[in-house]
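Values reported hereafter were calculated over all heavy atoms of this structure, with side chains retained and with hydrogens, waters and symmetry mates removed. Just so it is clear: chains get the letters A, B, ... in the order the sequence lines come, proteins before strands, and each one is counted from 1.
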Protein chains: 2
Amino acid sequence: MSSADLLGMFALWQATNVDASTCPARDVLDRIGDKWSSLILLTLAVGALRFSALNRAVPDISKRMLTQTLRDLERDGFITRHVFPTKPPSVEYRLAPLGRSVVEPLVALVGWAQTHHGAIREARQQFDTNAQNA
Amino acid sequence: MSSADLLGMFALWQATNVDASTCPARDVLDRIGDKWSSLILLTLAVGALRFSALNRAVPDISKRMLTQTLRDLERDGFITRHVFPTKPPSVEYRLAPLGRSVVEPLVALVGWAQTHHGAIREARQQFDTNAQNA
DNA sequence: CCGCATCCTATTAGATACTG
DNA sequence: CAGTATCTAATAGGATGCGG
């Protein structure tokens with residue numbers, strides 16, 4: 001499906017349904033648009049990880065937020081949770097099929113970010129400079 | 001660039017740089033991942049709009065958040081602001097080149113959302129049901 | 001019409017300490 | 001090791017009224 005098609009789809013959706021409760025885009029963007037979800041999904045895309053390994057891979061997330069984000073992602077079917085009854089117990093998280101499929105558009109966005117980050121920083125700096133002069 | 005390549009890029013980035021302040025992905029996702037930015041970008045992708053028209057197109061955003069989000073998007077170079085010295089004054093917002101280029105990966109994500117929204121809702125419902133039984 | 005400033009509340013996220 | 005509980009700080013967001 002081309003970008004133009006998708007844009008048409010969006011226009012249609014936009015015209016008929018911007019209501020937050022039933023709008024797929026809002027629902028999904030609100031979930032993976034939070035501070036940590038996308039980062040965790042991308043990290044797990046590289047390979048399955050245990051709780052503390054994830055915590056190390058994403059250093060500045062707190063245990064609390066990691067737990068909560070993992071629950072939410074599990075609830076929506078993006079990841080699965082596997083408990084190994086070892087001692088001490090270990091729990092491994094991995095992408096579910098749904099999670100693997102969302103990684104592709106997500107990676108596209110990250111790729112865009114890498115490519116255009118410089119332009120953004122430049123625009124930001126210029127804007128701030130002009131604001132100071134004004 | 002293929003998805004696999006991008007995934008490799010991400011793995012490299014992940015290994016070398018998860019620091020929030022210098023990480024492009026974090027920077028961009030934090031900006032367009034907020035509650036309104038992506039919605040506004042997609043709305044403007046359909047066509048340039050004035051302030052109040054935007055407010056009508058995205059009904060449940062407050063004037064305050066609309067103003068603020070538009071400023072942030074302008075600051076980062078995603079959109080431009082055109083003032084027409086009519087009476088009363090009118091201001092039109094439109095996508096800058098940077099904004100037009102980010103719409104493509106964004107639309108891909110929205111397309112994904114449309115396609116998989118049913119699966120997510122299903123997973124969510126099932127998870128909640130199981131949680132109740134437990 | 002545009003949008004800024006103020007006030008207020010709800011949500012989010014970090015730190016810390018504790019449990020099986 | 002993998003969480004949970006509690007408290008607190010910071011931020012996001014809504015309502016409203018004023019000024020250009």
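- Rounding to whole angstrom units, CG of residue D34(A) and P of dT11(D) are separated by 17 Å.
- If you take CG of D72(A) and P of dA13(C), they are 10 Å apart, rounded to a whole angstrom.
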N/O donor to acceptor pairs below 3.5 angstrom from side-chain atoms of residues 71-80 of chain A, sequence neighbours left out:
| from | atom 1 | to | atom 2 | distance (Å) |
| --- | --- | --- | --- | --- |
| R75(A) | NH1 | D128(B) | OD1 | 2.9 |
| R75(A) | NH1 | D128(B) | OD2 | 2.5 |
| D76(A) | OD1 | R124(B) | NE | 2.8 |
| D76(A) | OD2 | R31(A) | NE | 2.7 |
| D76(A) | OD2 | R124(B) | NH2 | 3.0 |
| T80(A) | OG1 | H82(A) | NE2 | 3.0 |

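- For the salt bridge (charged side-chain N to carboxylate O under 4.0 Å, His left out) condition, no pair includes a residue of residues 43-54 of chain B, sequence neighbours left out.
- Which of dC1(D), dG3(C), dG3(D) sits closest to the side chain of F51(A) comes down to dG3(D).
- Phosphate proximity of dG3(C) to R71(B): present, with a side-chain N or O under 4.0 Å from OP1 or OP2.
- Here dC4(C) presents its C1' atom at 11 Å from CZ of R81(B), a figure rounded to the nearest Å.
- K63(A) pairs by the side-chain contact (heavy atoms from CB on, under 4.5 Å) definition with F51(A), N55(A), not counting sequence neighbours.
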Return the polar atom pairs (N/O with N/O) between nucleotides 14-20 of chain D and the protein under 3.5 Å, or none.
| from | atom 1 | to | atom 2 | distance (Å) |
| --- | --- | --- | --- | --- |
| dG14(D) | O6 | R64(B) | NE | 2.7 |

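- Closest heavy-atom contact between L44(B) and L49(B): CD2-N, 3.8 Å.
- Taking A119(B) as the reference, L98(A) meet the side-chain contact (heavy atoms from CB on, under 4.5 Å) condition, with sequence neighbours excluded.
- Between I40(A) atom CD1 and dA13(C) atom P the separation is 11 Å, expressed in whole Å.
- Residues forming a side-chain contact (heavy atoms from CB on, under 4.5 Å) with V91(B) (at least two apart in sequence, or on another chain): R81(B), V83(B), Y93(B).
- Considering only side-chain N and O atoms, Y93(A) lies nowhere under 4.0 angstrom from the phosphate OP1 or OP2 of dC1(D).
- Atoms CD (Q68(B)) and P (dT6(C)) sit 15 Å apart, rounded to a whole Å.
- If you take CG of N55(A) and C1' of dA2(D), they are 10 Å apart, rounded to a whole angstrom.
- Taking atom CD of E92(A) as the reference point, atom P of dC1(D) lies 15 Å away to the nearest angstrom.
- Between L49(B) atom CG and dC1(C) atom C1' the separation is 15 Å, expressed in whole Å.
- Heavy atoms of F84(B) sit nowhere under 4.0 angstrom from any nucleic acid atom.
- Closest approach of A57(A) and P59(A) over heavy atoms only: O-CD, 3.4 Å.
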